[in-house]
Every structure is written in C-alpha cells, then in structure tokens.
J.: 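Okay, here's the structure, questions in a sec.
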Amino acid sequence: MTSAPSQPKSSSPSQEDLKAIIAPVQAELAIVEQWLTTNLIDDNPFVGELLAQVFQSGGKRIRVAIALLGSKASLKEGAELGRLNIIQAVLTELIHTASLVHDDVIDASALRRGKETVNKRFNDRLAVLLGDLLFAQASICLARIMNPVVVGIYGQVLGDLCAGEIGQMRSQFVYDVNWERYINKSIAKTASLFAAGSHAGAILNAASNESVQALKDYGVNLGLCFQIVDDLLDVTGSSSELGKEPGSDLRAGVVTAPALFVLERDDEPAKRLRELIKTRQIVNDEGAEEGLKIIRENGGVEATVALATRYAELAKDSLSVIAPSDARDSLVALIDYVLVRTK
Ligand code: FPP
Ligand code: MG
C-alpha cells in the first residue's frame, strides 16, 4: 500500500497577479465590463436584476483576458485593439456565462462562487430562459462582428459545449479508464471556448495563418490545463475555496483525472474505488468521503498535477511563434496563474 502523501493545499492566485497579467488590455477590459454589467437588454427591470446577479458574482473574466490578450498579441506593430476585438471578448464571456447558468440547472447546483444559483434562488425554468437570453445576446454580437469564419467557430463551440455535457452525462458512473474520452470531453466542454476566445481575434485582425493556429493551440492546451485543475480542486479544495462542496464530481458519478489515475491501477484501492462507483455508494457523504480519501492517498492528486503541468507546457510552447510583446508575456503569465491553483 502506498504511504499517504501530505495533501497539497490548493491556493488561490492573488488578485494582484491577475491585475499585472491584464495590464496590457486594462482599458479594453473596462469597456467589456461596462458592456456586460450595463449595456445588455434590461428594459425589463427583473431581467436586469438577473443579469446583474450573474455578471457581478465575482467571475474572474479569464476568457475575456484570453480574448483581448490573444487579439493584442496578433496585432501588427503599432496597431490598436478595435471595436470587433471588444465585441469578440464580450461574446466569449456571454457564452461562458450562459453555459454556467444552464450547467447549474443540469447539475442541480445550489451554489456558484459561493452565491445562490439562479435555479436555486428562483427555479429551473427561469434559469433556462436566462441562459437562452444570454445566448441570444451572443448571437447579436456575432451579427455585429459580421465575419462568417468567426460565426462558424462560435457555432462549433456551442455544439461542442452541448456535446461535452451530453458525453459527461452518458459516462456518469462509468469507471472503465478511457483517457481519450476524458480529454475529448474536456476539450468539448471547456477548451473549445478557450480556443475560440484566444484565436478568433487574430482572424479579425487578419493575422498570419501561423499566428492564428498558434493562438488556437494555446487556447486548447490552456483550456485543458484549466479543466484538469478544476477537476483536481474538486478533490483537494475546501468549500470556502471552491464556493461549492468538494467531491461534487464524484457524488454525481463524474469520473475525472484524479479518479482515473487510481482506477487504471490493479490494486486494492483501485478495486475499492470501482466498487464505490459501481454500487453508487459514491453519491452518499460516506462513500464520497471514502472515494476522495482513496484518491488523495494513492497518488491521484500528484499525477493530476503532472498532467495539468504537461498541458501548461504545451500551451507555452504554442506561443513560440508569436512575436514578443507585453500581450504575449501576459498570455504566458496566465498559464502560471491557472496552474498555481494546484499548489
Ligand atoms: C461547467 O462544468 C460547465 C461547462 C464548462 C459547460 C456547460 C455547458 C452546457 C451546460 C451546455 C451549454 C448549452 C448551450 C445551448 C450551448 P462543471 O460542472 O465541471 O464545473 P462547475 O464546477 O463550474 O459546475
Ligand atoms: Mg457544474
């Protein structure tokens, strides 16, 4: 039996780190923020209140930062970010927020970022409609951008998000180890939107094919790193750090990287974890606690940190063809910002 490693404490990256990272796009980020918090349809005051709830709930706007920094890193020397770059950043955050509002319905979550979800505060029907309203706003942004390639990219993302969720639903309580399925699902539900955010601006800026591809690869790899870290935090985080209960993936029968690393072994802890999932004991407090303990004490955490680090390195490598600039440095720093949550 492997000796129990001390459990790494997850740490939140500081607000100061994020401030320094977004400095090259600070002014544009403020415009995006204004758009999200005041300029959306709100002629109905109740809808306005709901929009305020979802956009003023402490989201870090990581996808906005990726979109603006990706756009800026792809500009020709002396050029400035333009209106279309701002709209593309808004669009990316709208789709992200809409998908979370719907995700909370699917997961029957009561808390997000430590606050009551729309489905909990009101009901599922209202949350579905609010998510739809945000998707409608996103399509208005796409119309304003007027670029068929970008419409295609975001259309594909919407399909990927749904397919990723469906894939996850279909593999609940499935404990056979299939890394390809896990990675494909993570690309669909998370990395595809990161990638759209990171490279669509380069298309709008008429950057070279090489730069567009590099920024797309960056988004896919950073998105995978982000999702793997998120899956890790579900095992290592506390409820105050996560803004929701830890172990929620396991309780829902969602088998992610930390569990897969244990399940692929052929020893007693792996057998016991399989048993907990197969018999659905994992959904109960006692079963979930035992599952988390098995994962923590049998290398699931360390192996997951190593996997996230591998994608972080791939994301860094992707940027090698992008010309040096403040924006490029920030894209690199953003990778460490995502990864520091594992420490
Ligand atoms: C959070 O995952 C959820 C997502 C990354 C995507 C959810 C996508 C949908 C619900 C489909 C969107 C619908 C349309 C029409 C495009 P998580 O549950 O692993 O993370 P969490 O802990 O933040 O909830
Ligand atoms: Mg969820």
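Every number for a ligand or one of its atoms is a count from 1 in the order of the listing. For clarity, every value in this text was computed on a predicted model and none was experimentally measured.
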J.: With a cut-off of 4.0 Å, which atoms of ligand 1 are near a heavy atom of Ile106?
T.: 10 (C)
J.: Please determine whether any non-hydrogen atom of Arg112 lies less than 4.0 Å from an atom of ligand 1.
T.: yes
J.: Looking only at N/O atoms, are Asp249 and ligand 1 under 3.5 Å apart anywhere?
T.: no
J.: Counting only N and O atoms by type, is there a donor-acceptor contact under 3.5 Å from the side chain of Asp107 to the main-chain atoms of Ser109?
T.: no
J.: Report yes if some N/O of Glu165 lies less than 3.5 Å from some N/O of ligand 1; otherwise report no.
T.: no
J.: Counting only heavy atoms from other residues, nucleotides and ligands, does the tally under 6.0 Å from CZ of Arg310 exceed 12?
T.: no
J.: Which ligand 1 atoms are under 4.0 Å away from a heavy-atom of Leu158?
T.: 16 (C)
J.: Check the pair Asn209, Gln213 against side chain to side chain donor-acceptor pair (under 3.5 Å), reporting the backbone distance first and the verdict last.
T.: CA-CA 6 Å; Asn209 289 343; Gln213 186 62 48; over 6 Å; no
J.: Relative to ligand 1, is Asp107 under 4.0 angstrom through side chain, backbone, both or neither, heavy atoms considered?
T.: side chain
J.: With distance as the sole criterion, is a donor-acceptor pair present between the side chains of Gln281 and Thr279 under 3.5 Å?
T.: yes
J.: Using a 3.5 Å cut-off on N or O atoms only, is Asp104 in polar contact with ligand 1?
T.: no
J.: For Lys189, does the NZ atom have more than 12 heavy-atom neighbours from other residues, nucleotides or ligands under 6.0 Å away?
T.: yes
J.: So between Ala98, Ser99, Ala138, whose heavy atom ends up nearest atom 12 (C) of ligand 1?
T.: Ser99
J.: Looking only at side chains, do Ser186 and Gln227 share a donor and an acceptor under 3.5 Å apart?
T.: no
J.: Before signing off on this row, confirm whether Thr190 and ligand 1 have an N or O atom pair separated by under 3.5 Å.
T.: no
J.: Is it the case that the side chain of Asp230 and the backbone of Phe226 share a donor-acceptor pair, with hydrogens and angles ignored and the cut-off at 3.5 Å?
T.: no
J.: So, for Ala98 and Gly131, which heavy atoms are closest and what is the spacing to 0.1 Å?
T.: CB-O, 3.6 Å
J.: Select one of side chain, backbone, both or neither to describe which atoms of Val254 lie under 4.0 Å from any atom of ligand 1, heavy atoms only.
T.: neither
J.: Nearest heavy atom to atom 13 (C) of ligand 1 wins, so pick from Cys162, Ala252, Gly223.
T.: Cys162
